[in-house]
Each structure stands twice: as structure tokens, then as C-alpha cells.
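Each chain gets a letter, A, B and so on, in the order the sequences are listed, and its residues count up from 1. Hydrogens, waters and symmetry mates are skipped; everything else that's a heavy atom, side chains included, is used.
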4 protein chains.
Amino acid sequence: MAIKKTSKEEILNKAIMLFKTQGFSNTSMANIADECGLIKGSIYHHFKNKYEIGLEALKYISEYFDKNIFSIKDETLLTKEKLEKIVKKTDEYFLNSTGGCLLANLATEVSNQNEEYKAVIVKYFKTWEECLTKILQEKYTKKEAQNLAYEYICTLQGSIIMFNLTNDKAKLLIVGKNLLSKV
Amino acid sequence: MAIKKTSKEEILNKAIMLFKTQGFSNTSMANIADECGLIKGSIYHHFKNKYEIGLEALKYISEYFDKNIFSIKDETLLTKEKLEKIVKKTDEYFLNSTGGCLLANLATEVSNQNEEYKAVIVKYFKTWEECLTKILQEKYTKKEAQNLAYEYICTLQGSIIMFNLTNDKAKLLIVGKNLLSKV
Amino acid sequence: MAIKKTSKEEILNKAIMLFKTQGFSNTSMANIADECGLIKGSIYHHFKNKYEIGLEALKYISEYFDKNIFSIKDETLLTKEKLEKIVKKTDEYFLNSTGGCLLANLATEVSNQNEEYKAVIVKYFKTWEECLTKILQEKYTKKEAQNLAYEYICTLQGSIIMFNLTNDKAKLLIVGKNLLSKV
Amino acid sequence: MAIKKTSKEEILNKAIMLFKTQGFSNTSMANIADECGLIKGSIYHHFKNKYEIGLEALKYISEYFDKNIFSIKDETLLTKEKLEKIVKKTDEYFLNSTGGCLLANLATEVSNQNEEYKAVIVKYFKTWEECLTKILQEKYTKKEAQNLAYEYICTLQGSIIMFNLTNDKAKLLIVGKNLLSKV
DNA sequence: GATGAATGAGCGTTCATTCAT
DNA sequence: TATGAATGAACGCTCATTCAT
């Protein structure tokens with residue numbers, strides 16, 4: 001069981017890497033199979049089709065953020081500590097992830113044409129915003145907290161695009177520092 | 001059978017629209033031709049290949065910003081007036097442009113694999129930053145001006161992604177208002 | 001009149017050169033037009049279609065041999081002198097003609113599928129054989145003369161193929177020398 | 001729908017037949033596939049591209065001659081016996097091979113533009129010449145042997161072109177008989 | 001005559017997907 | 001599960017050809 005699950009997860013991780021660096025449409029089943037040391041037909045033992053790989057990739061990342069980052073909001077820590085922890089983990093994730101944020105990428109590449117993808121992406125950003133809002137509400141009004149949260153996410157997403165072009169890590173880290181300076 | 005004249009710019013605009021809403025790789029020559037009322041082979045009368053359409057699309061938008069928006073920095077207006085004019089024109093552009101910012105989209109979709117595309121995109125964002133920096137320097141130190149300019153662009157780009165998902169115009173406009181509140 | 005005729009002949013000569021160096025199927029109307037400094041549509045003012053260019057090319061060369069080489073058989077010269085003149089002109093033609101003998105090339109490339117082309121080619125070789133036979137009959141029996149003529153043509157054609165591969169002029173010239181040594 | 005196993009050699013043989021009778025450029029992947037009862041995309045399971053089919057076709061024939069004909073030079077037979085055996089097998093090959101000699105055909109059709117093809121073709125003819133030279137040296141000086149070998153190959157190649165036009169088997173066989181009469 | 005824009009068919013190639021082994 | 005052979009559709013692109021200007 002454990003082995004099989006790892007196998008599927010391995011394919012998913014390779015696919016995610018390719019989707020982020022080459023784009024979703026620009027990544028073929030053969031590309032994914034190559035990366036996994038398989039032939040393309042074999043991928044279909046793990047996933048129904050390419051569409052499903054894309055969907056599971058989005059969910060996989062979304063769940064990663066839920067479990068490892070957004071959940072921090074419920075830990076028993078000081079406001080600043082929670083925010084620091086979240087910012088640190090978020091920065092780590094995007095600094096080590098060539099090709100940017102898959103959910104943002106697919107938001108522009110395919111979500112216009114696909115409601116199921118779009119739903120996962122919209123929920124991901126909403127959950128993110130709610131997570132930060134909840135913490136910031138400890139120091140700000142709800143409205144203020146929402147605005148700060150939303151602004152942070154937007155700025156970070158824009159910065160990720162720039163990071164992808166320039167590879168300037170310091171500039172990416174500023175976004176989190178700015179948020180932390182507000183609590 | 002009926003022969004009708006199609007201008008190069010016409011094709012380019014249709015292509016840009018498709019690239020933004022469907023992604024570059026996901027848009028076929030047949031898609032572009034359909035949109036223009038041509039068959040796909042006819043496109044090659046105007047462009048050498050798909051790659052060139054992509055490149056000219058990026059340059060076309062980049063030049064639009066150069067001529068119509070970034071040039072405002074050199075007009076003889078008050079600091080605030082220049083910034084207002086720029087913000088207004090920028091907001092107008094992105095509010096009426098389904099699918100977001102093509103240069104940001106291609107930055108993630110294909111620029112990893114293509115230096116010529118990447119160069120145009122990098123230059124576009126750099127020129128944008130320099131434009132805003134020049135104006136903000138009238139009220140801030142160079143360093144401060146650069147930071148404000150860069151932050152604005154990042155936040156706007158992130159907001160464009162969100163706008164594309166939610167269609168909430170008000171939230172997009174906030175980014176410009178925030179910038180204006182600083183002069 | 002004279003100018004127009006030259007124009008058509010010019011296209012034909014460029015086409016022949018391309019057919020010989022690139023093959024007939026591998027040469028496009030655009031290739032021919034490029035070589036003539038025209039756009040491809042313009043070729044159709046001179047020739048009905050590509051097929052006709054091929055046919056006229058074959059006829060053009062065939063007529064060149066008729067007028068300039070095969071006609072020598074009827075001149076009032078000694079046997080050896082006639083043969084020397086023919087060999088000299090034949091060698092000159094093929095030494096200065098990259099890509100070999102168009103009629104032989106098309107014999108293998110397209111004549112299996114095209115009776116009209118094939119007819120011109122068959123007639124060309126037959127006329128050539130008859131020309132040499134007529135001269136050689138002055139010294140040999142008809143049967144012997146025919147054999148010598150046929151063998152010379154075959155050997156020369158094979159040598160042209162080799163010349164095209166090795167560019168060794170001396171080896172090409174041997175074929176004619178051998179023939180001349182027999183009278 | 002029905003899946004049937006097609007061997008690589010099967011495809012190669014069909015391709016060779018088409019290349020010889022229609023020319024290389026004039027033979028499409030769809031032609032080859034049709035002949036094999038496949039659709040054109042399926043060919044790519046066996047060959048990387050059309051270029052590779054051409055190359056492997058040339059090598060396949062070249063190796064056939066190496067193994068079955070040129071190797072006879074090393075058998076322990078009388079000079080005349082070896083030559084007879086070679087001539088017999090060579091004649092058999094070309095009598096039953098519509099469309100002539102693929103290596104000679106591609107020598108004129110594409111080798112001007114392709115060094116890799118050209119190398120295989122040049123080597124084929126060189127090996128052939130060396131094979132005959134080795135045997136003829138048993139009765140002639142090296143120089144004489146080379147000349148006889150080269151002349152035989154050229155004459156045979158020219159005769160193959162003529163055979164393709166006239167289908168006169170007797171005339172093709174004369175070339176070998178002439179060679180044999182010299183030992 | 002030449003041009004430029006168009007066409008429909010076909011090119012070589014790759015796509016996602018299927019399925020017997 | 002993995003493989004290898006296949007499929008039909010689509011890809012980007014080029015073909016020979018037409019025709020209004």
C-alpha cells in the first residue's frame with residue numbers, strides 16, 4: 001500500500017514540477033512519463049487522464065498548504081509568532097519551487113476554460129486569505145485584517161512572478177517582512 | 001473562396017486575446033485562424049511561425065505601454081497628476097482585458113524555456129518600474145521610490161490574477177488608489 | 001518578345017538547376033520563385049503548373065542535346081573527328097552541371113509514375129544511342145556499333161552519378177577517352 | 001481497432017520499395033503507413049522520423065551487399081568462380097528490384113544536401129569497388145583491376161537506369177557477362 | 001507581368017489515450 | 001503494474017494553385 005501510494009505521489013510531484021516550469025498544456029504525458037522513467041501508457045495505471053493529473057496536482061498543493069501552513073492559525077502561539085511561522089513556511093515553499101505558484105499559473109492558463117480547476121484555485125486563495133485574516137483580526141478590525149491579508153497574497157503572487165524572472169530571493173522575502181512589520 | 005484582406009495587427013489582436021484567455025501553448029494556429037475567419041495556412045502569409053506571433057504579441061503590448069502609459073512620466077504635470085494619469089490608464093487597460101496580463105502569463109508559461117520571450121518580458125517590467133520610480137523620486141529618495149514602484153507592480157500583477165478569478169473590479173482598483181495615497 | 005522569352009528560359013534554367021541539385025519533388029514552386037527573385041504566384045504567368053516546368057525542363061535539355069551535340073553526326077567530318085567533337089561537348093556539359101543528368105535523375109525519381117515524362121526521357125536516350133551508332137557504323141557492324149554506343153551511354157551515366165559523389169573530373173573524362181580509343 | 005504486430009524490418013522493406021519507385025521526397029509517411037496497413041502516426045513507434053527511415057534503408061541495403069555479395073571475395077574459390085558468383089547475385093538483386101538502386105537514386109536526389117546519407121552511399125560504392133578490385137588483382141595489376149572494377153560499377157549503374165526505363169533484362173545481364181569475359 | 005492575400009490539401013510529427021500481452 | 005504497439009485527432013507548417021488588384 002505505502003509503496004503504491006508513493007509511486008502515485010512521485011508521478012504527481014514530477015508532473016507538478018513540469019507543469020510549473022513548462023506550463024500545463026506544454027507538458028505532455030510523454031514528458032511526465034520520461035521524468036518518471038516510465039513509458040507514457042503506464043501513467044494511465046495511476047491516473048485516468050491528463051486532466052485528472054492536473055486536478056490532483058492542484059488539490060495536492062492546496063492540501064499541502066492546508067495541512068502545513070494554513071493550520072498554523074489554530075496553534076496556540078502569539079499573533080506575531082503565528083504570522084512569523086506562516087511567512088517562514090510560505091517563503092520556504094516558494095523559494096524552493098522553480099516555476100512559481102502552480103495554482104496562480106493555472107489560474108491564468110486554463111481556469112478560464114475549466115470550472116473544476118477554477119473552483120480548487122479560488123478555494124485555495126480564499127482559504128489563504130481567511131487564514132491570515134483570522135490571525136490579523138487579533139490586532140486589527142475584520143475589514144482591516146481582510147485588506148492586509150488580501151494585499152499580502154496579491155503582492156506575494158506578483159513577487160513570485162518577478163522572482164521567476166529575476167531569481168532575486170531578497171525581493172521575494174521583503175513581502176513577508178512587510179506583513180510581519182504590521183503586527 | 002471569397003478573398004478578404006486581413007491586416008497583421010488584426011491577427012495579432014485576436015491572437016493576444018486567445019493567448020490571454022487560453023494560454024499560449026493551448027492556443028493553436030487553427031484557433032487563431034478561426035477567430036480571424038481564415039484557414040490556418042493563411043496566417044503564415046503574415047507571420048513566419050507561431051513563435052513569431054507570440055514574440056510580436058509581447059512586443060505589441062510592451063510598445064503600447066511605452067507609448068501610452070510609461071511616456072506620461074515625461075509630461076509637464078504635477079507629481080500627483082502624472083501618477084493619477086498612469087494609474088487611470090493602467091487600470092483601464094487591465095479592467096478591459098480578459099485573461100490578465102499577457103507578459104506576466106507568458107513569464108510563467110514559456111519564458112523558462114525561451115530567452116527571447118523572457119528578454120521582452122523582463123524589459124517590460126523594468127521599464128515600468130523605472131517609469132514609476134522616476135515620478136516617485138520627486139517626493140521620495142531613490143531607494144524608497146524604487147521600493148514603492150516595485151511593490152505596486154507586484155501587487156497589481158497579483159491582483160490581476162485574482163481579478164481574473166473573481167471579476168471583482170473594486171479590488172483591482174484599490175491597488176492604484178493605495179499608490180496614489182502615497183503622494 | 002525576345003525579352004519575354006528570355007524571362008521564361010531564365011526560370012527554366014533556374015528550375016533545372018534546382019531539380020538537379022535537390023530533386024524534382026524536393027524543389028517547391030517557392031524555391032524556384034526565390035531563385036528567380038519572384039514570388040511563387042508569378043511563376044504561373046509563365047508555366048501552367050509545376051508539372052509543366054518539369055516537362056519543359058526535360059524537353060529543353062533534350063533539345064539542347066539534339067541541336068548542339070547529336071546533330072554533329074551529320075556534319076562532314078572524319079569519323080574520329082565527329083566522335084571527338086561529340087565527346088568533348090558531352091563532357092563539357094556534364095562537367096559544368098552540378099547534380100548530374102536531369103533526364104537520368106527523373107528517370108528514377110518520377111518516370112515510374114508519369115508516362116509523359118518517361119516518353120521524353122526514353123526518346124532522349126534512344127536518340128543519343130542512334131547518334132553514336134550512326135557514327136560508329138562507319139567503322140563497325142550495326143550490331144557492334146549499337147553495343148558500343150549503348151555501353152558508352154550507360155557507363156557515362158553511371159560515371160555521372162559517381163562524379164556527383166566524388167567530384168573527380170578525371171574519372172568522368174575516361175569514359176569518353178575509352179570510346180575514342182575504339183575508332 | 002485491431003492491433004497487429006508490425007516489425008521494423010517489414011516497414012523498412014516497404015519504405016525501400018516506395019523510395020525506389022517514387023523517390024524519397026515523393027514518398028510520404030502516409031504512403032509508407034498505407035503500405036504497411038498502419039496509420040502514419042504508428043510508424044513513429046518504430047522510427048524516430050522520416051530521415052531515419054531513409055538512413056536505415058540505405059544502411060540496410062548496404063549491409064545486404066556486404067554480407068551476401070561483397071563477402072564472396074574472401075571465399076576459397078577460383079578467381080572466375082568468385083566473380084561469377086558475385087555477378088550472379090548482383091544481377092539477381094537488380095533484376096528483381098523495381099526502381100533501380102536506392103543508393104544511386106538517393107545519391108542524386110538528396111545526397112547533395114545531406115552528408116550522413118552521402119557518407120553511407122560513398123562507402124557502399126567504395127566497398128563494392130574494393131571487393132571487385134581484390135578479385136581482379138589475381139589476374140591484373142592493381143591499377144588495371146581498379147579500372148575494370150570501377151568501369152563495371154558505372155556501367156551497371158547506368159544500365160540499371162536504362163533497365164528501369166525499358167525493362168530489357170538481357171541488356172542488363174550483358175554488363176556482368178562483359179566483366180566475366182575478362183578473367 | 002507582377003504582387004500579395006488567400007485557399008484546401010497534404011506534409012512530418014506529436015498528442016492523449018487504449019489495450020493485448 | 002509495466003510494456004509496446006497501436007489509434008485518430010490534432011499539431012505547426014508547407015504545398016501547389018488561384019485570383020483580385
Side-chain angles (χ1 to χ4, degrees), chain A residues 3-4 7-8 11 25-33 36-54, chain B residues 1-8 11 25-33 36-54, chain C residues 3-4 7-8 11 25-33 36-54, chain D residues 1-8 11 25-33 36-54:
Chain A
I3 291 166
K4 283 172 201 163
S7 181
K8 188 170 176 176
I11 296 172
S25 301
N26 204 30
T27 299
S28 70
M29 293 300 275
N31 288 157
I32 298 170
C36 300
L38 297 170
I39 67 155
K40 62 181 171 168
S42 304
I43 303 286
Y44 289 83
H45 288 286
H46 301 276
F47 297 92
K48 218 179 77 194
N49 49 37
K50 189 186 176 185
Y51 174 79
E52 205 185 72
I53 302 180
Chain B
M1 283 293 186
I3 290 175
K4 55 153 195 135
K5 287 266 168 70
T6 313
S7 80
K8 199 170 171 174
I11 298 172
S25 301
N26 204 30
T27 299
S28 71
M29 294 300 276
N31 289 156
I32 298 169
C36 300
L38 297 170
I39 65 161
K40 62 180 173 169
S42 303
I43 303 288
Y44 291 85
H45 199 70
H46 302 273
F47 296 91
K48 219 180 72 195
N49 49 37
K50 189 186 174 186
Y51 173 81
E52 205 184 74
I53 302 181
Chain C
I3 291 166
K4 283 174 202 164
S7 182
K8 189 171 175 174
I11 296 172
S25 301
N26 205 29
T27 298
S28 69
M29 294 299 275
N31 289 156
I32 298 169
C36 301
L38 297 171
I39 68 155
K40 62 180 170 170
S42 304
I43 303 287
Y44 290 85
H45 287 286
H46 302 275
F47 298 91
K48 218 180 74 195
N49 49 37
K50 189 187 176 184
Y51 174 80
E52 206 185 73
I53 301 181
Chain D
M1 283 295 186
I3 290 174
K4 55 153 195 136
K5 287 267 168 68
T6 313
S7 79
K8 198 169 171 172
I11 298 173
S25 300
N26 205 29
T27 299
S28 71
M29 293 300 276
N31 289 156
I32 299 170
C36 300
L38 296 170
I39 63 161
K40 63 180 172 168
S42 302
I43 303 288
Y44 291 83
H45 199 70
H46 302 274
F47 296 91
K48 219 179 72 194
N49 50 38
K50 189 186 176 187
Y51 174 80
E52 204 186 74
I53 301 180

Taken to the nearest whole Å, NZ/D:K48 to C1'/E:dG12 is 14 Å
Rounded to whole Å, CD1 of D:I32 lies from C1' of E:dG10 at a distance of 15 Å
Is the shortest heavy-atom distance from the side chain of C:H46 to the side chain of C:I53 under 4.5 Å? no
For A:K50 and A:T27 the tightest heavy-atom approach is NZ-O, 2.7 Å
Of E:dC15, E:dG12, E:dA6, the nucleotide closest to the side chain of B:S42 is E:dA6
Using Watson-Crick geometry (N1-N3 plus N6-O4 or O6-N4) or G-U wobble (N1-O2, O6-N3), each under 3.5 Å, E:dC11 is paired with F:dG12
Picking from E:dG12, E:dT7, F:dA2, the nucleotide nearest the side-chain atoms of B:I39 would be E:dT7
B:Y44 has its side chain closest, among E:dA16, E:dC11, F:dT14, to F:dT14
Is any side-chain nitrogen or oxygen of D:H45 closer than 4.0 Å to OP1 or OP2 of F:dA5? yes
Residues A:I11 and A:F47: closest non-hydrogen pair is CG2-CE1, 3.6 Å
### Short side-chain to backbone donor-acceptor contact, A:K40 and A:I32, under 3.5 Å
no
In whole angstroms, the gap separating C1' of E:dG12 from CD1 of D:I53 amounts to 10 Å
A:I43 atom CD1 is separated from E:dT18 atom P, nearest whole Å, by 14 Å
Taken to the nearest 0.5 Å, the spacing of C:I43 CD1 from C:S28 OG works out to 10.0 Å
Pairing partner of E:dA20, by Watson-Crick or G-U wobble and under 3.5 Å for both distances, is F:dT3
Of C:M29 and D:K40, the one whose closest nucleotide on DNA chain F sits nearer the 5' end is D:K40
Check whether any side-chain N or O of B:S28 sits under 4.0 Å from OP1 or OP2 of F:dA10, and answer yes or no. no
Whole-Å distance, C:N26 CG to E:dG10 P, equals 19 Å
By nearest-heavy-atom nucleotide on DNA chain F, the more 5' of C:G41 and B:K50 is B:K50
Q: Would you classify D:T27 as touching base, sugar-phosphate or nothing, given that sugar-phosphate means primed atoms plus P, OP1 and OP2, and contacts are heavy atoms under 4.0 Å?
A: sugar-phosphate
Rounded to whole Å, CZ of B:F47 lies from C1' of E:dA6 at a distance of 16 Å
Separation of E:dT14 atom C1' from D:N49 atom CG, nearest Å, is 13 Å
B:L38 CG to E:dT7 C1', in whole Å, measures 10 Å
